[in-house]
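Structure first, commentary second.
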There are 2 protein chains.
Amino acid sequence: MAIRNPLPLTSNDTVCCAPVTEQALSSQDAADIAPVFAALGDPVRLQLFSLIAASEESCSCDLEGPVQRSQPTVSHHTKILADAGLIMGDKRGRWVWWRVNPVRLAAVRRVLGEVPTP
Amino acid sequence: MAIRNPLPLTSNDTVCCAPVTEQALSSQDAADIAPVFAALGDPVRLQLFSLIAASEESCSCDLEGPVQRSQPTVSHHTKILADAGLIMGDKRGRWVWWRVNPVRLAAVRRVLGEVPTP
DNA sequence: ATCTCCTATTGACAATCATCGATATGTTGC
DNA sequence: GCAACATATCGATGATTGTCAATAGGAGAT
């Protein structure tokens with residue numbers, strides 16, 4: 001369940017780029033970050049992400065019902081969310097438990113120009 | 001240059017849904033909001049959006065250079081960003097001047113669970 | 001070991017999308 | 001009116017994507 005890194009994070013958890021409201025992105029940075037937004041850009045994945053984000057942990061078996069998609073399709077979408085670094089999976093026994101990656105979520109917010117909390 | 005409304009805003013500028021960190025989205029809400037993230041999910045569009053967001057106003061003629069795409073392609077992408085409500089275009093003379101829609105941008109941040117600024 | 005259950009992968013297909021050349025629309029200046 | 005320019009639309013094409021049936025991989029239980 002390794003996480004590739006389309007939105008690079010430095011070791012101290014800051015983000016690669018300044019908020020878009022402050023500085024335009026280079027083509028390279030845009031190419032790195034866009035997949036994270038694309039991951040949230042599908043209705044099924046956005047709902048899956050919200051289901052996982054709204055509770056501490058979610059089993060995959062709890063996700064198929066709400067989104068009304070087949071098991072392979074849900075697995076496909078969780079993989080895309082995980083590759084984007086937005087969620088992390090933890091296999092315990094037969095189940096995979098998903099939770100959001102709060103650092104990545106904060107990074108996405110910051111790219112959108114969130115005012116830093118003082 | 002009318003704006004369709006995939007992410008409904010009420011008259012008082014609040015958002016349709018609670019942050020995903022607080023409550024999961026319904027299928028309907030996810031379907032409404034996903035196009036906004038999809039609009040940011042293309043590298044060219046994300047860079048265009050950042051170029052527009054980083055300055056008060058941007059002429060279309062200033063956008064083709066940085067993203068290295070043809071005029072029809074840039075026009076296509078600005079239309080998608082505008083349909084998502086993320087940018088607004090103002091035609092003055094021969095040029096269209098683009099600026100971000102701060103309300104919509106704040107709404108997107110809020111969906112991602114931004115802490116409300118007190 | 002075998003059976004059962006949960007998840008991931010493969011293969012295929014229809015649908016959507018990004019891209020650009022050509023063209024249309026509309027505006028400015030002469 | 002006419003020429004020049006900025007933007008939008010159309011049509012076509014190659015690439016990507018969302019979906020599911022079928023199958024494989026792995027973990028617990030008996």
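So that the names make sense, note that chain A is the first sequence line, chain B the second, and so on, each numbered from 1.
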In whole angstrom, give the distance that lies between atom [atom1] of [X] and atom [atom2] of [N].
X: B:L81; N: C:dC17; atom1: CG; atom2: P; value: 14 Å
X: B:Q68; N: C:dA18; atom1: CD; atom2: P; value: 19 Å
X: B:I80; N: C:dC17; atom1: CD1; atom2: P; value: 7 Å
X: A:W97; N: C:dA8; atom1: CH2; atom2: P; value: 14 Å
X: B:I87; N: D:dT7; atom1: CD1; atom2: C1'; value: 13 Å
X: B:D83; N: C:dC17; atom1: CG; atom2: C1'; value: 15 Å
X: B:K91; N: D:dA6; atom1: NZ; atom2: P; value: 12 Å
X: A:H76; N: C:dT9; atom1: NE2; atom2: C1'; value: 12 Å

Looking at the side chain of [X], which of [options] is the nearest nucleotide?
X: A:C61; options: D:dT19, D:dG18, C:dT7; result: C:dT7
X: A:W95; options: C:dA8, C:dC6, C:dA18; result: C:dC6
X: A:V44; options: D:dA6, D:dT9, D:dT19; result: D:dT19
X: A:D42; options: C:dA8, D:dT7, D:dT19; result: D:dT19
X: B:P72; options: D:dG18, C:dA18, C:dG21; result: C:dG21
X: A:K79; options: C:dT9, D:dC20, C:dA8; result: C:dT9
X: B:T73; options: D:dT7, D:dC20, C:dC20; result: C:dC20

Heavy-atom closest contact (A:W98 atom, A:A82 atom, distance) =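 Looking at all heavy atoms of both residues, the shortest contact is CZ3-CB, 4.0 Å.
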If you look at every heavy atom in A:L46 and B:L25, which pair is closest and at what distance?
->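 What the structure gives for the nearest pair is CG-CD1, 3.7 Å.
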Please evaluate the base of D:dA6 for a donor-acceptor partner in the side chain of B:Q71 within a cut-off of under 3.5 Å?
->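 There is none.
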For A:S75, answer base if it contacts any base atom (sugar-phosphate contacts may also be present), sugar-phosphate if it contacts only those atoms, and nothing otherwise; contact means non-hydrogen atoms under 4.0 Å.
->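 Base, at least one base atom sits under 4.0 Å.
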Is B:R92 touching bases, backbone alone, or none of the nucleic acid, heavy atoms closer than 4.0 Å?
->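 No contact.
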Residue closer to the 5' end of DNA chain D, A:A38 versus B:E64 (nearest nucleotide) =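 Closest to the 5' end, via its nearest nucleotide, is B:E64.
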5' precedence on DNA chain D between A:R94 and A:H77 (nearest-nucleotide basis) |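 Looking at DNA chain D, the more 5' nearest nucleotide goes with A:H77.
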Using atom types as modelled and distance alone, determine if a side-chain donor or acceptor of B:T78 lies under 3.5 Å from a backbone N or O of B:V74.
->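 At least one qualifying donor-acceptor pair exists.
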Between the side chain of B:S50 and the main-chain N/O of B:Q47, is any donor-acceptor distance below 3.5 Å?
->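 Such a contact is found between B:S50 side chain and B:Q47 backbone.
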Name the one of B:I80, B:L81, B:I52 that satisfies side-chain contact (heavy atoms from CB on, under 4.5 Å) with B:L86?
->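 The single option meeting the side-chain contact (heavy atoms from CB on, under 4.5 Å) with B:L86 is B:L81.
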